[in-house]
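The structure under discussion appears below in the form of structure tokens.
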Amino acid sequence: MQHRILGDNDCPILEISLNPGERVKIERGSMAYMAGVELQGKMNSGANGGGLGGLLSAVGRSIASGESMFITEAIGVANGGRIGVAPSIPGKIVRLEIGERQYRLNTGAFLAGDSTVNYAMKMQDLGKAFFGGTGGLFVMESQGQGDLFVNAFGDLLELEVHPDSPLTIDNDHVVAWDRGLDYHISIASGTFGFTTGEGLVNRFIGEGKVYIQTRNLSSLASALPIARNNKNNGKGGFGI
């Protein structure tokens, strides 16, 4: 996939070049601009294709993970075709090479991917589903070979996990991780983390990579009402 990332690290856009007949999948509603490209909405059925099986798969994915039943496919229709894809949140865009290495993705991480890359919904055990911030009962797992683009809130960092050095990461900061890594959901400390202000964490075990975002939406959502109240009470802050 011919691509370039435009803009700064805070609010970039992914621009993908498409020759006639070339196809890519993009997150629904993420098109910012295009030329020589047409869009088609397809059922988000992964490798299950169309028909009744595809419909049931799309419905199941939507119910299980909160994904849309549909995904957008961009198709090149003229020489020099290009499309700009904009994430819904401000932050870095990173390319993952799918093939020998496969990844699991947190909800909302997918931005775009080659037509040869799919993702399937993989069931977690009940403990991970109950506590996890990674898509409920199911998580997305990449399949195929090609390029996959993920986006983050803030910067996106690559961390290494080794067998003799497990890594503990706050749930809301996890973006993607190696399929081969095992992980366990737990409470950071105290009763639901109240004693330290931390909550639920993922403890990754094995050999592989984890991608994390440097900011998380839950903390931002919690901060906004406080800032608004402070402003209304004459205490300053960055109220909206």
Side-chain angles (χ1 to χ4, degrees), residues 1-47 58 61-62 65-99 101-121 134-135 139-158 174-177 211-217 220:
M1 181 192 300
Q2 297 295 318
H3 74 279
R4 55 180 182 160
I5 296 175
L6 307 176
D8 56 28
N9 280 340
D10 294 330
C11 298
I13 278 183
L14 170 65
E15 185 181 273
I16 302 171
S17 300
L18 295 173
N19 293 320
E22 288 187 327
R23 299 168 179 257
V24 294
K25 301 168 186 174
I26 65 172
E27 175 64 15
R28 187 168 178 261
S30 63
M31 190 278 293
Y33 61 86
M34 62 182 184
V37 171
E38 70 175 29
L39 302 180
Q40 292 183 359
K42 301 182 66 177
M43 284 187 298
N44 192 6
S45 56
R61 289 158 75 100
S62 179
S65 68
E67 293 180 85
S68 170
M69 283 179 56
F70 301 94
I71 195 167
T72 301
E73 188 171 61
I75 307 166
V77 295
N79 292 328
R82 57 195 174 104
I83 181 170
V85 184
S88 59
I89 54 176
K92 196 170 183 178
I93 299 170
V94 167
R95 177 177 67 96
L96 302 180
E97 295 183 43
I98 305 300
R101 189 186 296 268
Q102 300 289 344
Y103 293 91
R104 288 184 170 179
L105 308 178
N106 206 337
T107 304
F110 173 81
L111 179 62
D114 277 320
S115 60
T116 54
V117 174
N118 291 305
Y119 59 85
M121 305 309 296
T134 53
V139 292
M140 294 181 287
E141 185 177 290
S142 65
Q143 297 178 332
Q145 187 168 353
D147 289 336
L148 178 71
F149 292 87
V150 296
N151 61 272
F153 182 31
D155 205 349
L156 202 153
L157 306 180
E158 176 185 309
V174 177
V175 175
W177 65 98
Y211 289 87
I212 69 167
Q213 56 190 14
T214 58
R215 300 291 181 269
N216 76 72
L217 288 172
L220 176 62

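We use all heavy atoms of the structure for the numbers below, so side chains are in, but hydrogens, waters and symmetry mates are not.
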Test side-chain contact (heavy atoms from CB on, under 4.5 Å) applied to Q2 and I16, step by step | CA-CA 6 Å; Q2 297 295 318; I16 302 171; over 6 Å; no
Below 4.5 Å, heavy atoms only, C-beta onward: do [X] and [Y] meet side chain to side chain?
X: L156; Y: V175; value: yes
X: Y103; Y: I98; value: yes
X: I71; Y: R28; value: no
X: M1; Y: V24; value: yes
X: F110; Y: F149; value: no
X: Q213; Y: K92; value: no
X: L105; Y: V150; value: yes
X: L39; Y: M31; value: yes

Using 0.5 Å steps for rounding, measure from the [atom1] atom of [X] to the [atom2] atom of [Y].
X: Q40; Y: E73; atom1: CD; atom2: CD; value: 6.0 Å
X: I212; Y: L157; atom1: CD1; atom2: CG; value: 5.0 Å
X: S142; Y: M140; atom1: OG; atom2: CE; value: 10.5 Å
X: Y33; Y: I83; atom1: OH; atom2: CD1; value: 9.5 Å
X: I13; Y: D8; atom1: CD1; atom2: CG; value: 10.5 Å
X: L6; Y: C11; atom1: CG; atom2: SG; value: 13.0 Å

Indicate yes or no for a side-chain donor-acceptor contact from [X] to the backbone of [Y] under 3.5 Å, with no hydrogens or angles considered.
X: T214; Y: D155; result: yes
X: Q102; Y: G144; result: yes
X: K25; Y: V117; result: yes
X: D114; Y: T116; result: no

Apply side-chain contact (heavy atoms from CB on, under 4.5 Å) to the pair L111 and I26, showing each step before the final yes or no.
-> CA-CA 6 Å; L111 179 62; I26 65 172; over 6 Å; no
[X] and [Y]: which non-hydrogen atoms are nearest, and at how many Å?
X: A32; Y: A86; value: CB-CB, 4.1 Å
X: N151; Y: G108; value: OD1-O, 3.9 Å
X: T72; Y: G29; value: OG1-N, 4.4 Å

Over 12 foreign heavy atoms within 6.0 Å of [atom1], [X]:
X: E97; atom1: CD; value: no
X: R95; atom1: CZ; value: yes
X: R104; atom1: CZ; value: yes

Using distance alone, with no hydrogens and no angle criterion, decide if E141 and Y119 have a side-chain donor and acceptor under 3.5 Å apart.
->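 No, no side-chain donor-acceptor pair sits under 3.5 Å.
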